[in-house]
Amino acid sequence: MSTASIQNVEVCLPDGTKQKHPGDATPMDVARGISEGLARAVVAAEVEGKIVDSFRPLGELANEDGSVPLKLLTNRDASALDVLRHSAAHVMARAIMRVYDGVSLAFGPTTSGGFYYDFDLSEKISEDDFPKIEAEIKKIIKAKEPFERFVLDRDEARKLCDDLNQDLKVEHIDTGLGDQPTVSFYRQGEFVDLCRGPHIPHAGMIKAIKLLSVAGAYWKGDASGRQLQRVYGTAFFDKKELAAYLEQLEEARRRDHRVLGKQHGLFAINPEVGQGLCLWLPKGARVRVALEDFLRKELLSRGYDPVYSPHIGRVELYETSGHFPYYRDSQFAPLFGSEVGGLLDAWNTRLGEGNLSSDDEDKLIAAAEVFGVKLNDYKPSASVEAKQKALHDWQLVNERYLLKPMNCPHHCQIFAAEPRSYRQLPLRLFEFGTVYRHEQTGELNGMMRVRGLTQDDAHIFCTPEQVEEEFRATIELTQFVLQSVGLNDYRVQLSLRDPDSSKYVGSEENWDHAEGALRGVLQHSGMEFNEEPGEAAFYGPKADFMVRDCIGRSWQLGTVQLDYNLPQRFKLQYKGNDNSTHQPVMIHRAPFGSLERFTGMLIEHFAGAFPMWLAPEQIRVLPLSDKSLDYAVAVAKQLDEAGLKVTVDSSDGKVQAKIRNAQLDLVNYMAVVGPKEAEMGHLALRDRIDGDLGAMPVAEAIARLTDEVKNRTVRQAVKSSAVSIAESSETSHEY
RNA sequence: GCCAACGUAGCUCAGUUGGCAGAGCAGCUGAUUUGUAAUCAGCCGGUCGUGGGUUCGAAUCCCUCCGUUGGCUCCA
């Protein structure tokens with residue numbers, strides 16, 4: 001791009017028209033030349049895919065030959081919303097600096113739903129202060145002051161930020177922007193901020209803005225760094241769009257699985273049992289049983305073998321797999337066979353960290369002796385490695401167990417339990433395996449993030465030649481599973497290793513193999529997928545299913561992972577048709593992910609109103625009065641024998657009340673029975689969604705209902721009242 | 001783990017400047033015997049999350065811990 005500002009440029013508009021303009025004219029001037037109405041509506045401009053300010057001189061945007069392919073962006077363009085929201089973040093920051101003293105600005109990017117800005121200040125920002133801040137925001141918007149851009153070289157920029165007491169910005173210029181010769185600033189009234197832009201022409205374009213929440217956030221995402229205060233907000237071009245967005249948030253709150261789970265008796269998590277430990281109540285367990293039965297049947301017909309493995313295993317098992325050292329902090333502490341196990345374990349850790357004084361070391365040796373532990377191989381004068389080996393050797397004899405954090409090591413041992421031939425491959429081992437992970441307290445969230453979870457786990461052991469076919473089949477299985485619960489909107493994220501990181505195990509060659517195979521199959525399948533470097537598991541790349549629910553939220557559910565490394569670590573082998581030994585390849589896969597998370601997501605997706613095949617209570621029989629109770633029980637018996645989940649409401653009271661309770665309990669069908677029905681062998685069927693369906697023979701109702709179960713019909717009972725809002729792009733502004 | 005807010009009956013929530021802890025629903029008992037979203041009456045139910053402090057007096061003010069929520073960080 002040319003930096004020459006004053007020269008004539010040729011603007012090419014999307015419709016093909018060409019216009020001559022002086023170099024200091026702006027996109028806004030171009031708009032004004034077309035119509036005043038357009039000029040009022042212009043938010044920003046786009047030049048060769050790059051969004052720029054509508055007030056940038058065209059000369060700065062021109063190609064070498066003086067041409068400017070220009071697209072004017074109005075509030076009808078999706079990318080304009082991002083520009084508006086970033087400007088809204090500036091306006092909010094300006095307001096906050098008026099309300100509080102000593103505010104140091106960090107970053108203020110846009111998000112998919114709005115924007116936030118991070119601040120460092122001694123005073124605590126409270127949601128109670130939002131009205132005060134919003135009042136300032138209103139004043140700023142009303143003044144309609146323009147955004148102005150200016151560029152400084154690094155030294156000037158540094159000095160300006162220093163003069164403004166913006167120490168975080170100074171730090172960012174020194175570090176994050178170390179390679180930039182010049183940086184841009186935006187001024188809006190008294191507010192000046194280091195910022196890449198672009199911005200809207202003036203603050204008056206923000207027609208709807210609302211602060212949403214305040215939260216903590218780390219400076220540059222570093223958990224060891226200082227904690228900033230983050231204020232979230234959102235903004236729109238139109239008040240109606242804001243109202244619709246708020247309604248969508250409200251709808252999400254109404255669907256909260258924690259609230260619905262309590263209300264409908266699906267699951268409970270209480271501190272008496274322990275944080276993040278889920279109790280499946282009878283109704284929730286029925287949903288889970290339906291899911292498990294469905295998948296089990298499906299897997300058996302697809303050539304999987306069921307296996308079971310215990311909830312704990314020796315620590316060495318996970319040392320071999322790499323899970324224990326890699327995830328030590330997020331596992332429950334080992335269970336020690338000896339009462340001094342914990343002492344030696346902490347001792348070993350201290351040694352490894354290099355912060356064990358010889359004084360403390362002597363005390364530890366003495367303490368061990370108190371418990372009758374003689375470490376004859378442990379010499380205080382020896383190397384750290386030798387001492388650690390001595391401790392570890394003792395631990396090997398004195399068993400340490402770990403609550404199973406992963407099923408794969410167990411399944412590897414099942415593979416290794418007998419000599420394997422290529423004729424047995426692919427070997428597909430599946431298990432609804434419960435694993436335990438000590439997630440950080442702040443991470444726990446209902447069923448979505450728990451400390452004990454059951455994976456619908458399976459490991460496929462196959463030859464290198466079979467990898468692509470097996471991977472293709474697991475992708476197909478996952479698609480089938482999602483479709484069965486009515487989730488048809490999803491995309492795949494291909495998570496690859498970060499070439500610059502050391503957290504991954506295994507050879508370069510293994511990784512290239514695995515990543516290439518995954519990418520090849522996904523490309524071949526024609527599915528939509530995007531690649532995310534740095535998101536792989538430590539042992540291999542993965543394809544994650546990102547599923548969108550009926551109110552537009554994305555969930556990471558099923559996963560398929562390719563692994564050349566664990567077979568190597570466990571020295572797994574099979575005899576090939578060439579009579580020599582080979583190493584199998586492993587595929588980890590879980591279409592649901594975890595039963596807890598999947599069920600939690602389904603609760604929110606269906607707003608608690610499950611389709612027939614998953615529903616914990618499919619039909620409730622409502623006798624008109626006690627006089628019809630015997631017949632009601634007889635009808636219920638028939639429904640039960642037909643395999644339907646049925647109850648009888650034998651409570652006192654009017655049928656209207658019984659209907660109301662059944663509706664509120666989200667029971668799929670109601671069968672009202674009185675003397676008339678008893679005489680005819682009928683029941684009066686009422687559908688939760690469509691209401692009264694009239695009287696019919698019991699057999700007819702059974703046929704109708706069992707069909708709905710068998711076909712796994714999904715009828716969305718509770719429609720979202722929220723308008724679906726087009727998400728703005730995920731790109732965020734760096735500064 | 002970090003920052004902030006919150007914690008009153010099974011559930012949803014009132015509770016004034018510190019002055020005897022309340023309502024609706026649910027539950028129980030009784031009456032009622034009912035035709036497609038609430039029949040009536042009575043009763044039961046709380047060491048106000050925990051432990052400490054201030055005070056004549058604490059649900060209310062202060063501190064500790066536990067838990068929950070919103071984020072951050074993490075996520076095999």
Side-chain angles (χ1 to χ4, degrees), chain A residues 111 116 118 120 124-128 212-232 253 256 258-259 262-263 265 268-272 274-276 318 321-324 326-331 404-409 435 437-446 448-449 453 455 457 495 503 505 535-540 542 544 556 559 561 563 566 588 590 593-594 597 622-629 651-665 670-677 684-688 691-695:
Chain A
T111 64
Y116 64 79
D118 287 346
D120 190 24
K124 300 295 175 205
I125 299 175
S126 150
E127 293 194 18
D128 298 339
L212 297 174
S213 61
V214 55
Y218 295 108
W219 168 238
K220 294 201 172 181
D222 179 5
S224 59
R226 67 175 129 174
Q227 184 108 26
L228 308 173
Q229 298 186 65
R230 173 172 299 178
V231 180
Y232 284 89
R253 261 191 291 277
D256 190 323
R258 292 164 303 196
V259 176
K262 188 183 272 186
Q263 197 177 343
I269 294 175
N270 75 50
E272 311 272 316
Q275 283 189 293
Y318 310 102
S321 71
H323 289 104
F324 182 68
Y326 193 85
Y327 290 107
R328 174 91 209 232
D329 291 342
S330 46
Q331 285 166 356
K404 172 164 78 174
M406 252 312 192
N407 299 303
C408 25
V435 296
R437 299 170 182 181
H438 194 268
E439 305 285 4
Q440 300 182 84
T441 47
E443 282 308 328
L444 300 172
N445 176 280
M448 298 304 180
R449 195 80 182 267
L453 59 134
Q455 299 175 314
D457 212 359
S495 300
K503 77 171 203 179
V505 300
E535 294 293 309
F538 75 93
Y539 50 72
K542 51 182 187 160
D544 293 320
Q556 185 182 326
T559 179
Q561 308 174 1
D563 182 3
L566 283 191
H588 309 237
S594 94
R597 187 173 163 76
L622 315 179
L624 208 54
S625 76
D626 276 358
K627 291 173 184 162
S628 305
L629 186 55
S651 69
D652 215 7
K654 298 217 271 196
V655 75
Q656 284 95 324
K658 296 180 189 181
I659 287 170
R660 179 166 192 272
N661 289 334
Q663 290 281 156
L664 292 176
D665 289 347
M670 285 143 269
V672 176
V673 293
K676 278 188 282 185
E677 285 76 17
L685 195 62
R686 182 187 162 95
D687 178 23
R688 178 182 69 201
D692 192 3
L693 300 176

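Note on naming: letters A, B, ... go to the chains in the order of the sequence lines (proteins, then strands), and numbering restarts at 1 for each one.
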Nearest-Å distance once atom [atom1] is located in both [N] and [M]:
N	M	atom1	answer
B/rC6	B/rC48	C1'	14 Å
B/rC66	B/rU50	C1'	7 Å
B/rG51	B/rC65	C1'	7 Å
B/rG42	B/rA4	C1'	47 Å
B/rC3	B/rC43	P	50 Å
B/rC44	B/rG22	C1'	16 Å

Under a 3.5 Å limit for both distances, which nucleotide forms a Watson-Crick or G-U wobble pair with [N], could you say?
N	answer
B/rG24	B/rC11
B/rU33	none
B/rA58	none
B/rA5	B/rU68

Gap between atoms [atom1] and [atom2], on [X] and [N] respectively (whole Å):
X	N	atom1	atom2	value
A/Asn270	B/rG10	CG	P	13 Å
A/His438	B/rG1	NE2	P	7 Å
A/Tyr326	B/rC74	OH	P	11 Å
A/Gln275	B/rG49	CD	C1'	14 Å
A/Leu212	B/rG71	CG	P	10 Å
A/Glu272	B/rG10	CD	P	13 Å
A/Asp120	B/rA4	CG	P	13 Å
A/Asp665	B/rC11	CG	C1'	14 Å

Polar side-chain contact A/Arg449-B/rC74 base: donor and acceptor under 3.5 Å: yes
Report yes if a donor N or O on one partner sits less than 3.5 Å from an acceptor N or O on the other, where the partners are the side chain of A/Tyr218 and the base of B/rG71; otherwise report no.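 Side chain to base: no pair present.
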Carboxylate-amine/guanidinium proximity below 4.0 Å for A/Asp118 and A/Arg230: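 Yes, this pair counts.
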Between A/Lys220 and A/Asp222, is there a side-chain N and carboxylate O pair less than 4.0 Å apart?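 No salt bridge links A/Lys220 with A/Asp222.
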Could you check if a side-chain atom of [X] sits within less than 4.5 angstrom of a side-chain atom of [Y], using non-hydrogen atoms only?
X	Y	answer
A/Val435	A/Gln455	yes
A/Arg437	A/Ser330	no
A/Arg226	A/Leu228	yes

Using a cut-off of 4.0 Å between protein heavy atoms and nucleotide atoms, how would you tag nucleotides 33-40 of chain B 5' to 3' with B, S and -? BBBBBBS-
Which part of the nucleic acid does [X] contact within heavy-atom distance under 4.0 Å: base, sugar-phosphate only, or nothing?
X	answer
A/Tyr116	nothing
A/Ala215	base
A/Gln331	base
A/Lys542	sugar-phosphate

Under 4.0 Å from OP1 or OP2 of [N]: is there any side-chain N or O of [X] that close?
X	N	value
A/Asn445	B/rU68	no
A/Ser330	B/rC75	no
A/Arg258	B/rC11	no
A/Gln263	B/rU12	no
A/Tyr232	B/rC72	yes

To the nearest 0.5 Å, what is the distance between CD on A/Gln275 and OG1 on A/Thr441?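 Result: 6.0 Å between the selected atoms.
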Between A/Lys124 and A/Leu444, which is nearer to the 5' end of RNA chain B once each is assigned its nearest nucleotide? A/Lys124
Taking the six-membered ring for Trp and the full ring for Phe, Tyr or His, determine whether the centres of A/Tyr327 and A/Tyr318 are under 6.0 Å apart.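 That pair fails the under 6.0 Å test.
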With no hydrogens and no angle check, do the side chains of A/His588 and A/Asp563 hold a donor and an acceptor under 3.5 Å apart? yes
Going by atom types alone, do A/Arg597 and A/Gln556 pair a side-chain donor with an acceptor below 3.5 Å? no
Per the under-4.0 Å heavy-atom filter, residues of residues 223-230 of chain A near RNA chain B come out as A/Ala223, A/Gln227, A/Arg230
Indicate the atoms forming the closest heavy-atom contact of A/Ile269 with A/Gly446, along with that distance.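 In terms of heavy atoms, the two residues are closest at CD1-O, 3.2 Å.
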Give the intermediate values and the outcome of side-chain contact (heavy atoms from CB on, under 4.5 Å) for residues A/Asn445 and A/Met448. CA-CA 5 Å; A/Asn445 176 280; A/Met448 298 304 180; 3.4 Å; yes
Whether A/Phe538 and A/Tyr326 hold their rings parallel, tilted or perpendicular, with breakpoints at 30° and 60°: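 Parallel.
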